[in-house]
Peer 1: 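Structure in C-alpha cells, see below.
Both ligands and their constituent atoms are indexed starting at 1 by order of listing. Hydrogens, waters and symmetry mates are skipped; everything else that's a heavy atom, side chains included, is used.
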Amino acid sequence: MKANCLCGAIEIEAPNQHDVAICHCSTCRRWAGGPMFAVHCGFDVHFSGTEPSRYQSSDWAERGFCPNCGTHLFYHLLSGGEYILPAGLFQDQNFKLSSEIFIDEKPEFYQLKNETLKMTGQQVFEQFAKNH
Ligand SMILES: [Zn+2]
Ligand SMILES: [Zn+2]
C-alpha cells in the first residue's frame with residue numbers, strides 16, 4: 001500500500017492489509033482528534049523523503065508525524081518494532097473494520113454500528129504480554 005502525508009514531503013510504503021482496528025484510548029483520541037482507525041502493518045514499512053518527527057507517547061511506543069504538515073504517520077512499538085498506521089492515509093484501500101480496543105475508554109457521545117470484536121485496555125495488555 002502507498003500513501004503520503006498532506007504536504008507530500010513524506011511517502012509511505014507498507015504491505016497490503018485488510019483489517020482496521022479502532023483504538024478509543026484517551027491518548028489516541030487526544031493525538032488523532034478522535035478514535036484512531038489503525039492498520040497493523042508489521043515491520044516492513046518504509047518512509048521516504050523528509051524524516052518523520054517522533055514523539056514517545058508511552059514507555060512502550062512512539063508516534064510519528066510530518067514535521068512540515070503535521071499529518072499523523074504511525075504508532076510504533078519500541079520493543080518488537082511493529083508499525084501501526086492510520087487507515088486514513090490509505091484512501092483507496094478496501095478495508096474492513098474488525099476490532100475496537102480500549103472500549104472501556106470510549107466516550108459516550110459516539111457509538112459505532114459495525115459488528116466488531118471489542119476489547120478493554122486490560123484485555124489488550126494481557127494479549128500484548130502473551131505475544132511479546
Ligand atoms: Zn507533510
Ligand atoms: Zn490508543
Side-chain angles (χ1 to χ4, degrees):
M1 310 190 286
K2 288 187 176 175
N4 55 265
C5 66
L6 264 184
C7 75
I10 299 175
E11 295 191 335
I12 306 152
E13 247 186 289
N16 277 336
Q17 305 294 337
H18 187 57
D19 288 323
V20 172
I22 290 183
C23 185
H24 298 286
C25 86
S26 59
T27 308
C28 281
R29 284 187 290 112
R30 184 162 279 148
W31 188 55
M36 180 178 174
F37 287 71
V39 184
H40 287 251
C41 289
F43 312 95
D44 197 20
V45 176
H46 300 281
F47 302 93
S48 53
T50 301
E51 185 66 26
S53 295
R54 292 163 185 265
Y55 170 73
Q56 189 172 340
S57 55
S58 64
D59 287 342
W60 57 87
E62 61 182 6
R63 292 167 191 257
F65 54 95
C66 173
N68 185 47
C69 69
T71 299
H72 297 154
L73 301 172
F74 60 82
Y75 174 89
H76 182 225
L77 287 164
L78 296 171
S79 89
E82 190 188 2
Y83 279 96
I84 297 156
L85 272 56
L89 288 172
F90 307 100
Q91 301 206 343
D92 48 8
Q93 207 68 20
N94 184 22
F95 287 135
K96 178 183 185 294
L97 186 61
S98 54
S99 58
E100 293 176 68
I101 64 170
F102 286 84
I103 196 71
D104 50 322
E105 292 189 25
K106 184 184 78 59
E108 280 303 315
F109 75 86
Y110 64 82
Q111 312 283 343
L112 298 172
K113 282 167 75 176
N114 302 61
E115 298 257 334
T116 57
L117 171 69
K118 294 180 177 62
M119 295 173 80
T120 64
Q122 181 68 31
Q123 289 170 321
V124 171
F125 285 123
E126 283 167 9
Q127 197 189 51
F128 181 79
K130 233 183 287 171
N131 294 342
H132 290 78

Peer 1: Once the angle between the rings of H72 and W31 is folded into 0 to 90°, is it parallel (under 30°), tilted (30 to 60°) or perpendicular (over 60°)?
Peer 2: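 Taking W31 first and then H72, their aromatic rings lie parallel (interplane angle under 30°).
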Peer 1: Give the cluster check for M36 versus V20: same hydrophobic cluster or not, with ILVMFWY residues linked at side-chain heavy-atom distances below 4.5 Å.
Peer 2: no
Peer 1: Verify ring-ring contact (aromatic ring centres under 6.0 Å, His included) between F37 and F95, making sure each step is shown before the conclusion.
Peer 2: CA-CA 11 Å; F37 287 71; F95 287 135; over 10 Å; no
Peer 1: So, 2.8 Å as the limit: is an N/O/S atom of C25 located closer than that to the Zn ion (ligand 2)?
Peer 2: yes
Peer 1: Would you say OH of Y110 has more than 12 non-hydrogen atoms from neighbouring residues, nucleotides or ligands within 6.0 angstrom?
Peer 2: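 Enclosed.
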Peer 1: Tally every protein N/O/S atom whose distance to the Zn ion (ligand 1) is less than 2.8 Å; waters are neither shown nor counted.
Peer 2: 4
Peer 1: SG (C28) to the Zn ion (ligand 2) to SG (C23): angle, nearest 10 degrees?
Peer 2: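 C28 SG and C23 SG form an angle of 120° at the Zn ion (ligand 2).
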Peer 1: Would you check if the side chain of H46 reaches a backbone N or O of I12 as a donor-acceptor pair within less than 3.5 Å?
Peer 2: no
Peer 1: Might you work through the side chain to side chain donor-acceptor pair (under 3.5 Å) test for Q122 and E126, ending with a clear yes or no?
Peer 2: CA-CA 6 Å; Q122 181 68 31; E126 283 167 9; 3.0 Å; yes
Peer 1: Treating H18 as the side-chain partner and N94 as the backbone partner, does any N or O pair qualify as donor plus acceptor under 3.5 Å?
Peer 2: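 Answer holds: yes.
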